[in-house]
Amino acid sequence: MELKKILLVDDSQPFNFLTRLVLTQNGVNCKIDEALNGKTALDYINKSAECPDIILLDINMPVMDGFEFLAEFKKLSKCANTRIYILTSSN
């Protein structure tokens with residue numbers, strides 16, 4: 001599967017920077033966008049013509065956390081093929 005778009009959903013800008021760096025240094029050649037909370041991510045997805053292929057999701061974020069994001073994301077039928085991976089430092 002060729003990736004066209006990855007969405008990083010994490011409130012840590014250093015984490016987003018490092019994730020983007022690791023992805024690109026390991027040959028991932030696609031658009032990588034980021035959202036600093038779940039609400040911003042949902043707004044981004046709703047405005048985008050194309051869903052991300054992969055979402056890397058943090059759980060603990062301000063405004064809308066990862067669990068709240070997942071509940072709302074399930075309601076979006078247009079992104080049924082998006083794969084979501086939860087990345088968190090929480091126990």
Side-chain angles (χ1 to χ4, degrees):
M1 175 180 147
E2 183 181 336
L3 297 177
K4 296 178 186 172
K5 188 188 306 187
I6 295 174
L7 179 60
L8 308 176
V9 184
D10 197 306
D11 60 320
S12 170
Q13 290 178 326
F15 176 83
N16 289 335
F17 173 80
L18 290 173
T19 301
R20 182 186 302 268
L21 184 65
V22 168
L23 289 170
T24 55
Q25 286 183 343
N26 284 284
V28 174
N29 186 20
C30 69
K31 184 174 183 177
I32 302 172
D33 290 322
E34 59 187 72
L36 298 178
N37 62 63
K39 171 88 171 83
T40 305
L42 284 175
D43 292 344
Y44 167 86
I45 291 166
N46 284 323
K47 291 176 184 172
S48 295
E50 196 173 74
C51 291
D53 299 301
I54 294 175
I55 295 174
L56 300 179
L57 178 66
D58 184 25
I59 294 298
N60 293 316
M61 296 177 288
V63 183
M64 178 185 280
D65 69 24
F67 293 119
E68 293 168 319
F69 170 82
L70 286 172
E72 292 300 314
F73 183 82
K74 286 181 182 180
K75 299 175 186 177
L76 301 176
S77 59
K78 78 175 196 172
C79 294
N81 294 323
T82 298
R83 290 181 274 161
I84 299 175
Y85 298 94
I86 296 174
L87 304 174
T88 188
S89 60
S90 301
N91 291 334

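Residue indices begin at 1 and follow the sequence shown. Predicted, not measured: the structure shown is a model, and the values here were computed from it.
T19 is linked by a side-chain hydrogen bond (donor to acceptor under 3.5 Å, both in side chains) to nothing, counting only residues two or more places apart in sequence or in another chain. By the side-chain hydrogen bond (donor to acceptor under 3.5 Å, both in side chains) test, D65 is found to be paired with no residue, residues two or more places apart in sequence or in another chain being considered. Applying the side chain to side chain contact (heavy atoms under 4.5 Å, CB included) criterion to N16, with sequence neighbours excluded, gives L8, D10, E34, L36. For D43, the side chain to side chain contact (heavy atoms under 4.5 Å, CB included) criterion is met by K39, not counting sequence neighbours.
Of all heavy-atom pairs spanning D11 and P62, the tightest one is OD2-CD, 3.5 Å. Across A35 and L7, no two heavy atoms sit closer than the pair N-CD1, 4.1 Å. Of all heavy-atom pairs spanning K5 and Y44, the tightest one is CD-OH, 3.0 Å. Contact detail for G66 and M61: the closest heavy-atom pair is N-CE, 3.7 Å. The two residues L76 and L42 have their closest heavy-atom pair at CD1-CD2, 4.1 Å.
None of L56, I6, L57 except one satisfies the side chain to side chain contact (heavy atoms under 4.5 Å, CB included) rule with Y85; the exception is L56.
For the disulfide (SG to SG under 2.5 Å) condition, the pairs that include at least one residue of residues 53-85, sequence neighbours left out, are C51-C79. Sequence neighbours left out, the pairs with a member in residues 68-79 that pass side chain to side chain donor-acceptor pair (under 3.5 Å) are E72-K75.
For the pair L87 and I59, the minimum side-chain heavy-atom distance is 4.5 Å or more. Side chains of I55 and T82 form a contact here, defined as non-hydrogen atoms less than 4.5 Å apart. Using a 4.5 Å cut-off on side-chain heavy atoms (C-beta onward), F73 and I45 make contact. N37 is not listed as a side-chain neighbour of F69, based on a closest heavy-atom distance of 4.5 Å or more. Using a 4.5 Å heavy-atom threshold, the side chains of N46 and S48 count as separate.
Atom NZ of K4 is separated from atom CG of N29 by 14.0 Å, given to the nearest 0.5 angstrom.
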